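Here is the structure we will look at.
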Amino acid sequence: MNIPFPDLAPVVPEITLTVAATVLLLLELVAENKRPLGYLGIVIAAVTIYLVPLYPGDTFGGMFVSDTYSIYFKYIFLISLILTILISLRYLQTEHADFGEYYSLLLFATAGM
């Protein structure tokens, strides 16, 4: 029995966010200042916005579809991620609650959307 390997091209933005969130979570262990992690999260979201329209199509037997409708919502979610990080940078520093897990959690939540 030969099981075909699915085409992962339409899932590249979600894979990018998930891998970046994992790397960000690991970087949080060694980082003294957590503020650059927020900026890194913004850069990751911007790169993902760049990658979104490159791979339309479906994969996993039609269970995952990347069409113009889903791309539109991916843009909305990624722009809201960037705005959330920008709004929370100063607030987290003021409240002394600047933990790196926060940015990783935001990236995981956005990848889930």
Side-chain angles (χ1 to χ4, degrees):
M1 181 167 175
N2 191 7
I3 299 174
F5 189 73
D7 181 26
L8 295 179
V11 194
V12 166
E14 287 80 4
I15 292 173
T16 304
L17 278 178
T18 305
V19 169
T22 306
V23 169
L24 203 61
L25 193 59
L26 293 173
L27 283 177
E28 190 270 334
L29 293 172
V30 296
E32 292 289 326
N33 187 7
K34 308 296 191 234
R35 191 175 183 103
L37 296 178
Y39 294 130
L40 185 61
I42 293 172
V43 170
I44 291 165
V47 167
T48 307
I49 285 176
Y50 177 74
L51 291 175
V52 165
L54 296 179
Y55 306 107
D58 61 349
T59 188
F60 299 114
M63 289 189 294
F64 186 91
V65 178
S66 181
D67 55 359
T68 55
Y69 187 69
S70 66
I71 289 173
Y72 173 73
F73 279 99
K74 287 178 189 179
Y75 279 134
I76 289 175
F77 295 144
L78 290 168
I79 290 170
S80 66
L81 170 67
I82 291 172
L83 292 175
T84 302
I85 291 174
L86 285 174
I87 290 170
S88 64
L89 281 173
R90 176 113 182 175
Y91 174 76
L92 293 174
Q93 186 180 17
T94 307
E95 293 294 322
H96 303 292
D98 198 15
F99 303 113
E101 296 94 356
Y102 174 74
Y103 304 114
S104 182
L105 181 65
L106 285 176
L107 288 173
F108 277 128
T110 305
M113 289 182 208

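This one's a predicted model, so the numbers in the text were calculated from it and none came from an experiment.
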What about [X] and [Y], same hydrophobic cluster or not, with Ile/Leu/Val/Met/Phe/Trp/Tyr joined at side-chain heavy-atom distances under 4.5 Å?
X	Y	value
Leu106	Leu92	yes
Tyr91	Ile42	yes
Val19	Ile44	yes
Val65	Leu8	no
Leu89	Leu105	no

Legend entry - Check: Thr59 side chain, Phe64 main-chain N or O, donor-acceptor pair, under 3.5 Å: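 Between the backbone of Phe64 and the side chain of Thr59 there is no qualifying donor-acceptor contact (under 3.5 Å).
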
Any side-chain heavy-atom pair of [X] and [Y] under 4.5 Å:
X	Y	answer
Leu81	Thr48	no
Tyr39	Ile85	no
Leu17	Phe77	no
Lys74	Ser66	yes

Nearest 0.5 angstrom please: [X] [atom1] to [Y] [atom2], how far?
X	Y	atom1	atom2	answer
Ile79	Thr84	CD1	OG1	11.5 Å
Thr16	Leu107	OG1	CG	11.0 Å
Leu78	Ile71	CG	CD1	11.5 Å
Leu24	Leu40	CG	CG	5.5 Å

Legend entry - For the student: nearest non-hydrogen atoms of Asp58 and Gly62, plus distance: OD2-CA, 3.9 Å

Inset, instruction - List the atom of Thr18, the atom of Ala111, and the distance in Å for their closest heavy-atom pair. - result: OG1-CB, 3.8 Å

Inset, instruction - For atom OH of Tyr72, decide whether the heavy atoms of other residues, nucleotides or ligands shown that lie under 6.0 angstrom number more than 12. - result: no

